[in-house]
Amino acid sequence: MQLRTWTSRRLWLLAVYAASAAVLFCAPLMLSDFRLNLLAKFLAYAIVALGLDLIWGYTGILSLGHGVFFGLGGYAMAMYLKLAASGGRLPDFMDWSGLTVLPWFWKPFESIGFAIAAGILLPALLALILGYVTFRNRIRGVYFTILTQALVIITTTLFVGQQAYTGGTNGVTGYSKLFGYSLASPETKRWLYFVTVGVLIGAFLLCRFLVKSRFGKVLRAIRDGENRVRFIGYNPAIYQMVAFAISAGLAGLAGMLFVLHVGIISPSMMGIVPSIEMVLWVAIGGRGTLGGAVLGAVLLNSAKSTFSESYPDMWTLFLGALFVVVVVFLPKGAAGLIGQLRGIGRRKGRESDERTSGVRNPAV
């Protein structure tokens, strides 16, 4: 009976995943260029949600600093695009600020390979360093959350203040081509959408492999009882650092894709408010469920876009009401609601089988 239930559940999940992937790949046939670009941006957000769910939902560590990792990835890609658009000259904001020579740390970003590697590795390295300092000293809970918020404040202040090197509050923008192809053309946007879908699927498979492996079991054990894990011989700090670094790397990857779809990155996109929104995506979708994290990012941003278009003066009220409803009535998020509905369906099925069995065999 358990084997049959496990197999049916696995088949159901595979069917859901296959249907979701099919819908994503068929979206260009159903959506306009504008809506497709919006969906691509939301899917980039979903990659951030996957990484955040890995560290929060499965490890029990709440980070309010993922906007920094997202922004670092975005700046890495924007720096490459800006240098390519400048054609060997200084970027315009450097010229306005009085610089005459390209800064040394900008020069490696003339290579797309270096930019992609930096967009993933720099956030991961920063998370690894922060994790080493905090987890090794057993700083966790609300204290870790406060530290991640402090990281956001420090980073955004630094990026705003160094206008000659980062573009200041305006950020890095003014680029329009990738490999000679216009980022504004519908064909390029369509290909970038497919790239984003492919990266999202790859990130989902990576996270699913991690959470189903022994590594993921240790993460859940740390979430449920860190001291017990330590007493049986594991070092929770190592697992927490690795999970945090992977989560930050995924956020950086999402930031690079975001820049390709939107065409700008600025300190406001790596501040406290975006970091809190990322947590809300996971909470509304369903903490501790990878599919829920993706669903939450797409649904919440879609609702935000729809409400702001239809009710420009009141959309924040609708969005706030949505948060209240989810927190009060759906503590496990949208994924939890789906699980509850499936559980109700299974119970009704068992009750129907029992009634049928009782009719056929009255002696029971």
Side-chain angles (χ1 to χ4, degrees), residues 12-51 53 70 73-74 76-78 80-81 84-85 112 115-116 119-120 173 175-208 250-265 269 274 277-278 281-282 284-285 290-310 315 334-335 338:
W12 184 85
L13 285 175
L14 289 175
V16 171
Y17 294 153
S20 301
V23 169
L24 290 178
F25 280 111
C26 293
L29 302 176
M30 301 177 287
L31 300 177
S32 64
D33 293 336
F34 173 73
R35 297 295 175 186
L36 187 66
N37 191 52
L38 275 182
L39 178 58
K41 183 175 70 171
F42 300 160
L43 295 181
Y45 288 153
I47 299 174
V48 184
L50 280 174
D53 194 30
F70 178 83
M77 179 56 67
Y80 163 76
L81 294 173
I112 181 62
I116 293 175
I120 299 174
T173 186
Y175 35 82
S176 59
K177 291 186 177 182
L178 177 65
F179 301 134
Y181 296 96
S182 173
L183 291 173
S185 70
E187 294 79 9
T188 304
K189 288 183 176 296
R190 195 171 297 114
W191 279 110
L192 288 175
Y193 169 79
F194 285 125
V195 170
T196 304
V197 172
V199 173
L200 174 61
I201 293 175
F204 181 87
L205 293 176
L206 172 64
C207 291
R208 183 168 175 80
L250 289 175
L253 180 60
M256 289 190 287
L257 293 171
F258 173 85
V259 166
L260 293 175
H261 295 303
V262 178
I264 185 175
I265 188 68
M269 299 173 187
E277 285 186 350
M278 294 171 185
W281 301 339
V282 179
I284 289 178
L290 297 176
V294 174
L295 184 64
V298 175
L299 285 182
L300 184 57
N301 285 284
S302 298
K304 183 178 178 180
S305 176
T306 301
F307 291 152
S308 62
E309 291 175 5
S310 303
W315 71 271
I338 296 173

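Hydrogens, waters and symmetry mates play no part in the numbers below; they use all other heavy atoms, side chains included. Numbers here are sequence positions counted from 1.
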Look at the side chain of Ser308 and the backbone N and O of Lys304, then say whether any donor-acceptor pair between them is shorter than 3.5 Å.
-> yes

What are the two closest heavy atoms between Leu38 and Ser305, and how far apart are they?
-> CD1-OG, 3.7 Å

Please report the shortest heavy-atom distance between Ser182 and Thr188, naming the atom on each side.
-> O-OG1, 2.8 Å

Shortest non-hydrogen separation from Leu31 to Arg35 and the atoms involved | CB-CB, 4.0 Å

Starting from the C-alpha separation in whole Å, work towards a yes-or-no answer on side chain to side chain contact (heavy atoms under 4.5 Å, CB included) for Tyr45 and Glu277.
-> CA-CA 10 Å; Tyr45 288 153; Glu277 285 186 350; over 6 Å; no

Shortest non-hydrogen contact between Tyr80 and Ala115, atoms and distance = CB-CB, 3.7 Å

Can you tell me how far the OG1 atom of Thr196 sits from the CE atom of Met256, to the nearest 0.5 Å?
-> 11.0 Å

Interatomic distance, CG@Leu50 vs CG@Leu200, rounded to 0.5 Å, equals 6.0 Å

Rounding to 0.5 Å, atoms CH2 (Trp191) and OH (Tyr181) come to a distance of 10.5 Å

Out of curiosity, Leu206 CG to Ile47 CD1, how far, rounded to the nearest 0.5 Å?
-> 11.5 Å

Verdict with supporting geometry, Tyr193 and Leu43, side chain to side chain contact (heavy atoms under 4.5 Å, CB included) | CA-CA 9 Å; Tyr193 169 79; Leu43 295 181; 3.8 Å; yes

Does the side chain of Ile112 reach to within under 4.5 Å of the side chain of Phe179, using non-hydrogen atoms?
-> yes

Audit row: Leu253, Val199, side chain to side chain contact (heavy atoms under 4.5 Å, CB included) steps and yes/no | CA-CA 9 Å; Leu253 180 60; Val199 173; 3.4 Å; yes

Would you say the side-chain atoms of Asn301 pair up with the backbone N or O of Ala297, donor to acceptor, closer than 3.5 Å?
-> yes

Heavy-atom pair with the smallest gap, counting every atom of Phe25 and Phe194 = O-CE2, 3.6 Å

Side chain to side chain contact (heavy atoms under 4.5 Å, CB included) between Leu178 and Leu192, worked out | CA-CA 10 Å; Leu178 177 65; Leu192 288 175; 4.2 Å; yes

Is a side-chain N or O of Thr173 found less than 3.5 angstrom from the main chain of Gly263, in a donor-acceptor match?
-> yes

Does Leu250 reach the side chain of Cys207, with side-chain heavy atoms less than 4.5 Å apart?
-> yes

How about Met77 and Ile265: do any of their side-chain heavy atoms sit closer than 4.5 Å?
-> no

Please round to the nearest 0.5 Å and tell me the distance separating atom CG of Leu205 and atom CD1 of Ile201.
-> 7.5 Å

How close do Gly74 and Val259 get, heavy atom to heavy atom, and via which atoms?
-> O-CG2, 3.3 Å

Can you tell me how far the CG atom of Leu36 sits from the CZ atom of Arg190, to the nearest 0.5 Å?
-> 7.0 Å

